[in-house]
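So the structure is just underneath, and the comments pick up after that.
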Amino acid sequence: MPRGIPSYFAPAERDDHRMIRSEMELIMDNPVLNTLLGSIGGLVAVLNDKRQILMVNQSLLNQLGIKNIDCILGQRLGEAVECIHAHDREGGCGTSAHCASCGAVIAMEVTRLEQKAFETKCYIEADDSGEPVDLSFSVRTSPVRIEGMDLILIILRDISSEERWNTLERTFFHDLNNIIGALTGSVEMLQLGGRGKKNREVEKLKRTAQRLVEEVAVHRVLCQDEGYRDLTHKEYFPVDEVVAALELQYSSHPESREKTLVIRRHDTNRMIYSNKTLILRVLGNMLTNAFEATPGGGQVRLTVEDQVSAVVFSVWNNSVIPEKIALRIFQRNYSSKEGTGRGLGTFGMKLFGEKILRGTIDFTSRRDEGTVFRFALPLNSTDSEIK
């Protein structure tokens, strides 16, 4: 590959196919490498100093569903596993803006530049015959010098299954905390209010407690293998019921204190046929994130628009999401915040809003306009006739 190809992160330059073949032949009979490839558990590859594949073990071939290394010889890891960002730029894997936060590329670069071992986790969104699939790996890279060449030994352990279970569990408690926050706020208001106010707060408590029951029922289904595919319960209800439930929840939610929720309704009596609990989970995450990003005295706006083929919910706040975070904001477990269990609210939006409810989640974030998250919920053909 010619020099000078632009890259956002790791170098784009590659060795050509003839050079790759020559490098592979130099190391393929090395007893040390062959022992490592045959004895180390997990997925193992040997890369040259340009992050190109020279050797792999049988486990990695099996994982990729290929019979021999010729199919991936000279490729980079993201290209071999079909990461959706591997071809964002001309330089391929490692050169796009997304790659700057990829654990595997970071590990390779640390080992290449500092000649030391490095260990981290890597979350990849791959293309599986046109369907996106989340892959999670534990990654360890080590420097190896063979036949005068500085190589990178990379060991991957597929942790996708355990990460999925952990994420579902943490997402459940994350969303549960949103509802518990509303319960706590109502209890505090109940302690302070007069009789009329107490009656209103008791009604809030009853409705919020019912939501807790519904959330637990949903989670019970999710805990089954691929259980989210079985969340088929739907019912007819007016959009205004969703809006009223959110208004109720955030009237006493801790994150909304000293802040204002402005609701803009457009024909919210429209009837829809869907799963109300999951819609509330999606919009609850949007609102909680917006309130978290809004300083005291600030405003969050919820807008509901009735379109021909969808009902569109939008949540606005005046903050701006940095570009590095925006690039991976919907990826499972990725977050700018410290600690485990972060990065779950936006992942939950995608999981429930798109995979289960078959809607569309997107966002914009600009310095002069603030941040807007949108959830477009499609209407069935039979729904479009109901007003």
Expected output: side-chain [X] to main-chain [Y] donor-acceptor under 3.5 Å:
| X | Y | answer |
| --- | --- | --- |
| E79 | R76 | yes |
| Q115 | R112 | yes |
| T111 | M108 | no |

Fill in the blank from the handout: Residues at least two apart in sequence or cross-chain that pass side-chain contact (heavy atoms from CB on, under 4.5 Å) with A107, listed by chain then number, are F118, T120, V139, T141

Problem - Residues forming a side-chain contact (heavy atoms from CB on, under 4.5 Å) with I263, sequence neighbours excluded - result: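 Here the qualifying residues are V243, E247, L261, R265, L302.
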
Completion exercise
dist R264:CZ -> R301:CZ (nearest 0.5 Å) comes out at 4.0 Å

Exercise for the section: Supply the atom-to-atom distance F352 CZ to K350 NZ, rounded to the nearest 0.5 angstrom. Expected result: 14.5 Å

Consider only side-chain heavy atoms of I, L, V, M, F, W and Y, link residues closer than 4.5 Å, and tell whether [X] and [Y] are in one cluster.
| X | Y | result |
| --- | --- | --- |
| I40 | I146 | yes |
| L278 | V304 | yes |
| L47 | L36 | yes |

Apply salt bridge (Lys or Arg N to Asp or Glu O under 4.0 Å) to [X] and list each qualifying residue two or more places apart in sequence or on a separate chain.
| X | value |
| --- | --- |
| R89 | none |
| E305 | none |
| D150 | R145 |
| K116 | E114 |

Handout entry: By side chain to side chain donor-acceptor pair (under 3.5 Å) - contacts of E25 (at least two apart)
Key =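 For E25, no residue satisfies side chain to side chain donor-acceptor pair (under 3.5 Å) once neighbours in sequence are set aside.
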
Practice task
Would you check if there is a donor-acceptor pair between the side chains of Q63 and D158 at a distance under 3.5 Å?
Solution key: yes

Handout entry: Flag side-chain contact, heavy atom, 4.5 Å: Q58 against N62
Key = yes

Problem - Note, N318 side chain near T294 side chain (heavy atom, < 4.5 Å) - result: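 A side-chain contact under 4.5 Å is absent here.
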
Completion exercise
Residues joined to V372 in its hydrophobic cluster, side chain to side chain under 4.5 Å directly or through other members, sorted by chain and number, are W316

Considering only residues two or more places apart or on different chains, which pairs with a residue in [range] satisfy ring pair (Phe, Tyr, Trp, His ring centres under 6.0 Å)?
| range | result |
| --- | --- |
| residues 291-310 | Y250-F291 |
| residues 44-89 | H85-H98 |
| residues 8-34 | none |

Exercise for the section: Decide, yes or no, whether a salt bridge links R21 with D70 under the criterion of side-chain N to carboxylate O below 4.0 Å. Expected result: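 D70 and R21: salt-bridged.
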
Practice task
Mind running side-chain contact (heavy atoms from CB on, under 4.5 Å) on L377 and S274 for me, showing each step along the way?
Solution key: CA-CA 9 Å; L377 183 66; S274 190; 4.1 Å; yes

Under 3.5 Å, which donor-acceptor pairs do the side chains of residues 360-368 form with other protein atoms, sequence neighbours left out?
from: S365; atom 1: OG; to: I321; atom 2: N; distance (Å): 2.8
from: S365; atom 1: OG; to: T371; atom 2: OG1; distance (Å): 2.7
from: R366; atom 1: NH1; to: E369; atom 2: OE1; distance (Å): 3.1

